[in-house]
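Order of the sequence lines sets the chain letters (A, B, ...), proteins ahead of strands, with each chain counted from 1.
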Amino acid sequence: MNDTDDSDRELRVSKIRNGTVIDHLAAGQALNVLALLGIDGSGGESVSVGMNVPSDKLAKKDIVKVEDRELSQSEVDVLSVISPEATINIIREYDVIEKKRIERPEAVTGVLSCPNRNCITNADEPVETRFVVLSDGLRCDYCGEIVREDEIATHLDVS
Amino acid sequence: MRQDHLISATQLSRADIEAVLDRAAEIDADVGAWQGRRDGTVLGLCFFEPSTRTRMSFDTAMKRLGGRTIDMGSVESSSVKKGETLADTVRVIEGYADALVLRHPSEGAAKMATEFVDVPLVNAGDGAGQHPTQTLLDLYTMRENAGLDDVTVGIMGDLKYGRTVHSLAAALTNFDVRQHFVSPESLQLPRSVRYDLHESGAQVREHTDLDEVLSDLDVLYVTRIQRERFPDENEYRKVAGEYQIDTDDLDAAKDSLTVMHPLPRVDEIAPEVDETDHAKYFEQAHNGVPVRMALLDMLLENAEGGSQ
């Protein structure tokens, strides 16, 4: 649920007609979320970003609004690890038609590369990366390498 | 033991380990009685890295069970040279064999390979990752000489890249073992192994000097400090000498100390130690055959059970 006065503050960034609002992101994670979504501006998407916005619930939060884009389950899974308090609002014709709190998954598949350069997932093999979710990070299901939460953004595979 | 494949020592429970070691002891007592047990079975040896002991002991183990082995040969002479993926190679060899043994330079290779085959697959070493069959023969040797409960084990050398160390440390958490790790700071245990040890509640201490702990040890497991891991030759020379043992060093040890090494050694154990009662590393290498016979027999047994 949105904080009472967050709605007014969200007006600081424009409303979107169709797309996704990712709200209650931990402050400082907005750019990581853009990286996760593979958004660098070159694709022409309409994107609004609020960083360090005051929030009753989180003190400070980030907000990302992306026009004409919905998140895949793998993207939601990674989002849940880097910002467990985030909420995802699906917007159609300016209305929130679905609001969901994300859940921490058991594993995330396909969106991170393994930092262990000698891991088989970095070889030219027909295999997707898979990381098991730990209490404070992720672990490569193949080689066992551990990625701490604060290192996850570095290994987003958005190519 | 209820496993389809053996990929990592972390998947082995105490009961799994004891089941393999018990069967290995039965085999060791009368190896001839097991000849013919696996008549007609074909084991595929897929070694993407050089190996002497592991390859030959798997080969011997299968043949002593009455089966046969097929060998993809060196990477240089195989389709890998043409750019074939590991996934394709194991799928092809699976068509020829009832079980596969895989050694590969990449961590996680064996785990990935199991996703492409239905026959039992054994990890015979994946990069700096795991080497679970070495661990089973290490534990067999340890059980015969020092026991596996209420013992103090020192593991010394390259703890960072040493796959035998990673597997052994994980397996020892199943037993009442105090583990002391001795290495240069630059070759300490990797984060993932520390994580598993911590999660298991293992009794672990780390040292840079063997003298701090030698007199407490029941087992000293030595591995090679790998010169090629050091960017600077001087750095290597500085530390390597501190991780070599000779008979003078062992004066401070218990008379009953068991000294082990996965081999090959270079100069980390002086040849004069071979003549002492401490030295068990050749016995350890010999134990590879009964232990791998036991493991292969049990995995094939499981595979038969699954198809019934």
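- Between K61(A) and D23(A), at least one side-chain N (NZ, or NE/NH1/NH2) sits under 4.0 Å from a carboxylate O, which counts as a salt bridge.
- With respect to R227(B) and E233(B), a salt bridge is recorded, a charged nitrogen being found less than 4.0 Å from a carboxylate O.
- Interface remark: of the candidates P190(B), S8(B), A87(B), A110(B), A87(B) forms the most heavy-atom pairs closer than 4.5 Å to chain A.
- The pair R92(A)-E70(A) counts as a salt bridge, with a side-chain nitrogen and a carboxylate oxygen less than 4.0 angstrom apart.
- Contacts between H104(B) and chain A at a heavy-atom distance below 4.5 Å involve the side chain alone, from C-beta outward.
- Residue contact with chain A, scored on non-hydrogen atoms closer than 4.5 Å, involves the backbone of P105(B) exclusively.
- Between the side chains of R224(B) and H261(B), no donor-acceptor pair is found at a separation under 3.5 Å.
- Within the 4.5 Å cutoff, the side chain of F58(B) has no heavy atoms near those of the T69(B) side chain.
- Remark: of the listed residues R205(B), Q203(B), M156(B), R205(B) is the sole one forming a side chain to side chain contact (heavy atoms under 4.5 Å, CB included) with H180(B).
- Heavy-atom distances place the side chain of R139(A), and not its backbone, under 4.5 Å from chain B.
- In this structure, chain A has a heavy atom under 4.5 Å from the side chain of E115(B), while its backbone stays farther away.
- Most heavy-atom pairs under 4.5 Å with chain B: of the set N116(A), T121(A), N122(A), this distinction falls to N116(A).
- If you measure heavy-atom distances from R130(A) to chain B, the contacts under 4.5 Å come from the side chain alone.
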